[in-house]
Undergrad: 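The structure follows.
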Amino acid sequence: MQQVAANTAAPAAPRRDPAPSRWSYRLHRLWLTPLFRLLLRVGLPMGASLALAVWYLGDPATQQQIIDKVAEIRRSVAERPEFMVRLMAIDGASDELGDDIREVLPVDFPVSSFDLELDQMRGVVEELDAVASVDLRIRPDGILQLAVIERIPQIIWRLTEDLELLDAEGRRVAALAHRMHRFDLPLIAGEGADAAVPEALALFAAAAPLEPRLRGLVRMGERRWDVVLDRGQRILLPEQGAVAALEQVIALDQAQDLLARDIAVVDMRNGRRPTLRMGAVAVTELHKIKAIELGENYR
Amino acid sequence: MTELYQSQRAMRNMRKAAMQRGVIAILDVGTSKIACLVLRFDGPGRMTDDGVGSLAGQSSFRIIGAATTRSRGVRFGEVDAMNETERAIRTAVQAAQKMANTRVDHVIACFSGAQPRSYGLDGAIDLHDTVVTEQDVARVLAACDLPDYGEAREVLHAQPVNFALDHRSGLGDPRGQIGNRLACDLHLLTIDMDVVQNLAYCIKRCDMELAGIASSAYVSGVSCLVEDEQELGAACIDMGGGSTGISIFIKKHMIYADSVRMGGDHVSQDISKGLQVPLGVAERIKTFYGGVVATGMDDREMIEIGGDTGDWEHDRRTVSRSELIGIMKPRVEEILEEVRERLDGAGFEHLPSQQIVLTGGASQIPGLDGLAPKILGNQVRIGRPLRVQGLPQAATGSAFASCVGLCLFAAHPQDEWWDFETPIERYPARSLRRAMKWFRDNW
């Protein structure tokens, strides 16, 4: 019997080359490059997730689904009874103004407080002429509370055809059907008169002694005031220092009874040279007197 | 000549760029092993408390990766089989990069072969001005007579060793000094061009840039000679696998380098032939049981040398250790005698100090410190490389002398010829510098 040698069965496998192949060497070097590592560690996951998100959200059906879902959740919260507003309460406004406000704010109660745009509603209400300011808030018991401060009419402005009520700052409050409805308020006229309402009010205050005869103020050329009295008398005031000029005239009137005489116009426009224009009768009389004084025959 | 000058300059710039970037690789292509170290430079050196100072710039870097692989395709320190060498380099570099966990693009390489030959040159000029300027240094370097070193050879190192101004010699840095005549001595080391080109090609195939090249004899001397040895004069014998490098230092400059084309591998071959064992077994026996001084004890110490032929008698062979020593000793003696011859030829006996330092892998043979003084003279010691930060324990032995030296060379390079300015006369006729010189001379 011949014995087969044990170690001839399997020839030794060729020894593996310990050297890395060129490509594995290059890949290893690439892998050790810091920028590449960063790109792979941060850039790749970021890019992949971004691409996934874009792919998913790019579908319009998905977008619609998401929008619907969000709207549904929002509605379910907004329609809870805690957030519902049932009625509107208006404080500090006359009935008429209250009706106007209800008209410009068409809100169908009950409504969720999420759907009320208070800033926008405030803007709408403040656009009303009669409203100076308004404070909107939703009370916890579901009431939309409007605290309104009304404009107070201080003066009447006569335009060519109709009358308007203005407040102390010259802002329009409302139209006026007839002068007699608000006889307590002073009257101004003329183009651009509303821009000088504070001055007009000061003049009216100064003209208190002339009150029984005072008809009103007329704005001339959008720059100065005329005081109009009955009998067609006028006091022409300068642009600057109108109140002082008026007080000067009133003082003259109180001292010498100036305005009771037949004078058509007191011209105070030039402060250093006040001028009087007499009425036609007075002028004739003056001429007569002069003629008598001179011994001439008048006429 | 200018071509090499430019390429050396380019390598120097690349080295600076790599140092700026902070990471550079060291590659020692030896006959028995290829070692790769990865250095990280982190700014100017700081003193560490374990006694490593900033002496030679070795505290400015740290070794963050080290790998060694068995060399293939290298004989006598020269590339013999390109592909094999390239693969071995790739293995070492990849492992070192893996350990450093960083990518290295620049490499400084050293090798021991290529038949280095030393030349001592000198040149002298009369100074234009009484003060020595950088231009004068450049001119005196350019004034050195270049010997006819042969067609297929290249300059590897060209280091100004000494400057003399009038009657004063031994100046390290003559700039700014006053005199009339400037002379300099230059040490030129040439090597075979093909060897460098082959190595450069291998490194290029590994996708790395060659940022410097050095002779391993020189860098071993840098790492193994202590400061006073370098100053007073000493020879460093780097006993490698395929060749033994010799470098002589004085005044901290290398003044001579040479190599003997014999090394540890020849000892292994002798053992292999003498004992009829494979080369790997011979290497192993040499490493474990080798020696060069036999004692009576060695006659009784039997070594199993084995074999796998299946013949019982053949596979159970033993030799005594003294037989092994009897094989190794003549070869080691031959190497040392060859070294002695080279040293004598270089005029080593005229140096003030006769210190000889043996290093390299083959210097670890036990008993070499007893054998070497008989041949080389009394002042012989076995040297180990300097300590550097981060070097693994396995790589601190004398076999890694040239690696460590190369690290020091990278951190603290010596000025070579191409690091100085180019003399203005060598510039092209229309250059701005030349115009400036004309103005300066004429006004």
Side-chain angles (χ1 to χ4, degrees), chain A residues 1-67 69-70 73, chain B residues 21-25 27 29 33-36 38 40 64-65 67-74 79 81-107 201-209 278-280 307-312 315:
Chain A
M1 285 295 270
Q2 216 174 8
Q3 197 159 4
V4 180
N7 56 358
T8 53
R15 278 189 59 189
R16 208 183 61 82
D17 187 1
S21 73
R22 253 190 122 182
W23 279 108
S24 79
Y25 173 76
R26 279 183 182 166
L27 279 177
H28 185 243
R29 277 169 68 79
L30 186 66
W31 175 240
L32 287 174
T33 310
L35 193 68
F36 180 77
R37 286 282 278 270
L38 192 75
L39 202 73
L40 222 61
R41 214 181 56 230
V42 179
L44 196 70
M46 227 178 201
S49 50
L50 207 70
L52 205 70
V54 164
W55 172 77
Y56 181 67
L57 295 176
D59 188 9
T62 320
Q63 286 173 10
Q64 193 55 48
Q65 204 177 335
I66 291 170
I67 290 167
K69 189 72 187 168
V70 168
I73 292 169
Chain B
R21 211 192 276 183
V23 178
I24 198 165
L27 194 66
V29 184
K33 66 160 189 0
I34 288 181
C36 179
V38 178
R40 195 185 62 212
I64 54 171
T68 318
T69 181
R70 199 188 62 159
S71 180
R72 290 179 293 163
V74 182
V79 177
M82 276 286 231
N83 281 335
E84 287 294 303
T85 312
E86 183 204 322
R87 292 157 88 88
I89 291 175
R90 224 155 52 196
T91 316
V93 170
Q94 186 173 25
Q97 279 181 348
K98 194 169 182 177
M99 179 172 164
N101 199 20
T102 183
R103 177 195 167 128
V104 192
D105 289 323
H106 297 93
V107 62
Y201 182 73
C202 285
I203 287 170
K204 191 167 163 247
R205 288 268 297 170
C206 295
D207 302 335
M208 314 245 277
E209 301 258 19
L279 203 58
D308 55 358
T309 55
D311 179 359
W312 196 89
D315 290 357

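In what follows, chains carry the letters A, B, and so on, assigned in the order in which the sequence lines appear, proteins first and then strands, with residues in each chain numbered from 1.
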Undergrad: Using non-hydrogen atoms and a 4.5 Å limit, figure out which bit of Arg22(A) sits close to chain B: side chain, backbone, both or neither.
TA: both
Undergrad: Between Arg29(A) and Asp207(B), which heavy-atom pair has the shortest distance, and what is it?
TA: NH2-O, 3.1 Å
Undergrad: Within a 6.0 Å radius of atom CG on Asp59(A), are there more than 12 heavy atoms belonging to other residues, nucleotides or ligands?
TA: yes
Undergrad: Could you measure the distance from the OH atom of Tyr25(A) to the CD atom of Gln97(B)? Nearest 0.5 Å is fine.
TA: 5.5 Å
Undergrad: Which pair of heavy atoms, one from Leu32(A) and one from Asn101(B), lies closest together, and at what distance?
TA: CD2-OD1, 3.5 Å
Undergrad: A quick test of your reading: do over 12 heavy atoms of other residues, nucleotides or ligands sit less than 6.0 Å from OH of Tyr201(B)?
TA: no
Undergrad: For Arg21(B), look at atom CZ and say whether over 12 heavy atoms of other residues, nucleotides or ligands are found less than 6.0 Å away.
TA: no
Undergrad: Taking atom CE of Met46(A) as the centre, report whether more than 12 heavy atoms of other residues, nucleotides or ligands fall under 6.0 Å from it.
TA: no
Undergrad: Just so I understand: if I count every heavy-atom pair under 4.5 Å between each of Gln94(B), Glu86(B), Arg72(B), Arg90(B) and chain A, which residue has the most?
TA: Arg90(B)
